[in-house]
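Structure, as structure tokens:
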Amino acid sequence: MTRLAIYPGTFDPVTNGHLDILRRGLVAFDRIVVALAENVRKQPLFTLEERKAMILDAMGGDARVEVDAFSGLIVEYAQQRGAKIILRGLRALADFEYEFQFSHMNRRLAPEIHTLFLMTSEESSYVSSSLIKEVAQFGGDVSAFVPELVRRKLEERLGAPRLAVAPAPRP
Ligand code: COA
């Protein structure tokens, strides 16, 4: 039996933090469907096709990863795909409140579907897609936080960086 998980999100754009969750998720699952949410309240910078291409490129054509789009409830999408697990990344404590609501509500809607959390890497614990876009928009270098194609796409869309990011501090 194939162990399948759904990893939902907006991924506008995908960051190294998302990729870390995806790669570690593949230790536990045979296949992961990255599910791009279509009808969220966000106004994405990148189209679904662009977001999909950036994820596939970063995963180097790994056949265990599929990228698809969904609209409506995530549990309904998981049911359609025959998946029992929704994979989520937990960053800071601030994520807990939302994830708590998300997983309990989803459980009420579809008790057979479970939400599984992985703790994000330390380096991405404070990163979000909006933060990346904001830093890039105002001329900061985001190359430490996103894959190369995303860096290039952000530069095309928002302009070249003027300010380099210092290496992570060492103790
Ligand atoms: N590394 C770096 N950043 C991360 C991250 C990680 N590992 N995990 C999450 N983030 C960032 C995301 O980039 C996102 O940044 P942004 O808000 O600046 O765009 C932020 O953390 C929040 O991520 P997430 O909680 O995954 O939100 P999302 O908008 O990407 O996805 C859905 C939310 C789509 C999964 C959720 O709204 C959904 O399932 N909607 C469908 C409708 C539904 O079923 N609703 C009922 C749910 S109970």
Side-chain angles (χ1 to χ4, degrees), residues 4-29 32-48 50-52 54-55 58-59 65-81 83-138 140 142-151 153-154 157-158 165 168:
L4 171 69
I6 306 287
Y7 181 30
T10 310
F11 302 102
D12 183 50
V14 67
T15 68
N16 290 344
H18 294 126
L19 295 169
D20 168 64
I21 297 292
L22 190 49
R23 291 196 183 105
R24 284 158 58 217
L26 287 167
V27 175
F29 297 98
I32 297 182
V33 177
V34 179
L36 296 172
E38 276 193 70
N39 294 330
V40 283
R41 279 161 278 174
K42 298 177 177 175
Q43 292 288 319
L45 175 67
F46 296 106
T47 65
L48 280 172
E50 287 173 314
R51 284 180 269 158
K52 178 176 175 175
M54 288 188 269
I55 296 168
M59 290 307 291
V65 177
E66 178 189 333
V67 184
D68 193 16
F70 78 100
S71 53
L73 291 173
I74 184 59
V75 287
E76 259 187 323
Y77 177 76
Q79 284 168 338
Q80 281 161 21
R81 298 301 308 252
K84 295 270 182 279
I85 301 287
I86 295 174
L87 181 63
R88 299 284 292 165
L90 265 185
R91 292 169 305 163
L93 208 57
D95 279 348
F96 184 81
E97 184 78 30
Y98 175 73
E99 296 300 336
F100 184 83
Q101 294 177 339
F102 179 89
S103 59
H104 280 298
M105 181 56 81
N106 282 339
R107 192 91 196 273
R108 291 297 297 269
L109 292 166
E112 79 284 9
I113 293 175
H114 305 274
T115 310
L116 202 79
F117 297 98
L118 278 179
M119 206 63 94
T120 52
S121 60
E122 276 178 70
E123 312 85 82
S124 14
S125 56
Y126 58 96
V127 172
S128 70
S129 299
S130 304
L131 194 61
I132 292 293
K133 285 180 283 189
E134 187 173 318
V135 171
Q137 182 178 2
F138 294 114
V142 293
S143 56
F145 310 106
V146 294
E148 176 54 19
L149 179 61
V150 174
R151 185 200 65 73
K153 285 272 183 192
L154 283 167
R157 198 64 59 88
L158 302 173
V165 164

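Atoms within a ligand are numbered from 1 in the order they appear, just like the ligands themselves.
With a 4.0 Å heavy-atom cut-off, ligand 1 is reached by the backbone of H18 and by its side chain too. For R91, every heavy-atom contact with ligand 1 shorter than 4.0 Å involves the side chain, none the backbone. When heavy-atom distances to ligand 1 are checked against a 4.0 Å cut-off, T15 comes that close only through its side chain, counted from C-beta outward. With a 4.0 Å heavy-atom cut-off, ligand 1 is reached by the backbone of S130 and by its side chain too. Only the side chain of T120 comes within contact range of ligand 1, with a heavy atom under 4.0 Å; no backbone atom does.
Scanning all protein heavy atoms for the shortest distance to atom 31 (O) of ligand 1 gives G9 CA, 3.4 Å. The single protein non-hydrogen atom nearest to atom 48 (S) of ligand 1 is N106 OD1, 3.4 Å, given as residue, atom name and distance. Counting only heavy atoms of the protein, atom 17 (O) of ligand 1 lies nearest to K42 NZ, 2.8 Å. For atom 41 (C) of ligand 1, the closest non-hydrogen atom of the protein is G72 O, 3.5 Å. S129 OG, 2.7 Å is the protein heavy atom nearest to atom 13 (O) of ligand 1.
Heavy-atom contacts of T10 reach the following atoms of ligand 1: 28 (P), 29 (O), 30 (O), 31 (O) (cutoff under 4.0 Å). Short contacts between ligand 1 and I74, defined as distances under 4.0 Å to a heavy atom of the residue, involve ligand atoms 39 (O), 43 (C), 44 (O). Below 4.0 Å from some heavy atom of S128 lie the following atoms of ligand 1, by number and element: 3 (N), 15 (O), 18 (O). Heavy-atom contacts of F70 reach the following atoms of ligand 1: 41 (C) (cutoff under 4.0 Å). In summary, the atoms of ligand 1 found under 4.0 Å from a heavy atom of M105, numbered by their order in the structure, are 48 (S). Within ligand 1, counting atoms from 1 as listed, the ones closer than 4.0 Å to a heavy atom of I21 are 7 (N). In summary, the atoms of ligand 1 found under 4.0 Å from a heavy atom of R88, numbered by their order in the structure, are 24 (P), 25 (O), 26 (O), 35 (C). For ligand 1, the atoms sitting less than 4.0 Å from at least one non-hydrogen atom of A37 are 34 (C), numbered in the order shown with element in parentheses.
With a 6.0 Å radius and a threshold of 12 heavy atoms from other residues, nucleotides or ligands, E134 has its CD atom at or below the threshold. Summarising the local packing, CD of E97 is surrounded by 12 or fewer heavy atoms from other residues, nucleotides or ligands at distances under 6.0 Å.
Between R81 and E66 there is a salt bridge, since at least one side-chain N of the basic residue sits less than 4.0 Å from a carboxylate O of the acidic one.
Residues F29 and L116 are in side-chain contact: their nearest non-hydrogen atoms beyond the backbone lie under 4.5 Å apart. Between F46 and R157 the shortest side-chain heavy-atom distance falls below 4.5 Å. Side-chain atoms of I132 and Q137, non-hydrogen and from C-beta on, never get closer than 4.5 Å to each other. At least one side-chain heavy atom of P44 sits under 4.5 Å from a side-chain heavy atom of R51.
In terms of N/O distances under 3.5 Å, ligand 1 is not approached by Y7. At a 3.5 angstrom cut-off on N or O pairs, V127 counts as close to ligand 1.
No heavy atom of Y77 sits closer than 4.0 Å to any atom of ligand 1. Look at K133 and you'll find every heavy atom at least 4.0 Å from all atoms of ligand 1. Put simply, no part of A35 is less than 4.0 Å from ligand 1, judged by heavy atoms.
With hydrogens and angles ignored, the 3.5 Å screen pairs no side-chain donor or acceptor of T10 with any backbone N or O of D12. A donor-acceptor pair is defined here as one N or O able to donate and one able to accept, closer than 3.5 Å; no such pair exists between the side chain of S124 and the backbone of V127. For the pair S103 (side chain) and E99 (backbone), a donor-acceptor distance under 3.5 Å is present. Although no hydrogens or angles enter the test, the distance criterion places a donor-acceptor pair under 3.5 Å between the side chain of N16 and the main chain of A144.
Within a 4.0 Å radius of atom 23 (O) of ligand 1, the protein has no heavy atom.
Partner H18 forms a side-chain contact (heavy atoms from CB on, under 4.5 Å) with one of I21, D20, L22, V14 and no other, that one being V14.
Distances from atom 45 (N) of ligand 1 to the heavy atoms of L90, I132, L73 put L73 nearest. Nearest residue to atom 33 (C) of ligand 1 from Y126, Y98, F102 is Y98 (criterion: closest heavy atom).
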Just do the side chain to side chain contact (heavy atoms under 4.5 Å, CB included) check on I86 and I113 with the steps written out, would you? CA-CA 7 Å; I86 295 174; I113 293 175; 3.8 Å; yes

Step-by-step side chain to side chain contact (heavy atoms under 4.5 Å, CB included) determination, S129 to K42: CA-CA 11 Å; S129 299; K42 298 177 177 175; over 6 Å; no

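With a 6.0 Å cutoff to the six-membered ring centre and a 45° limit on the axis angle, R88 does not count as a cation-pi contact of Y7.
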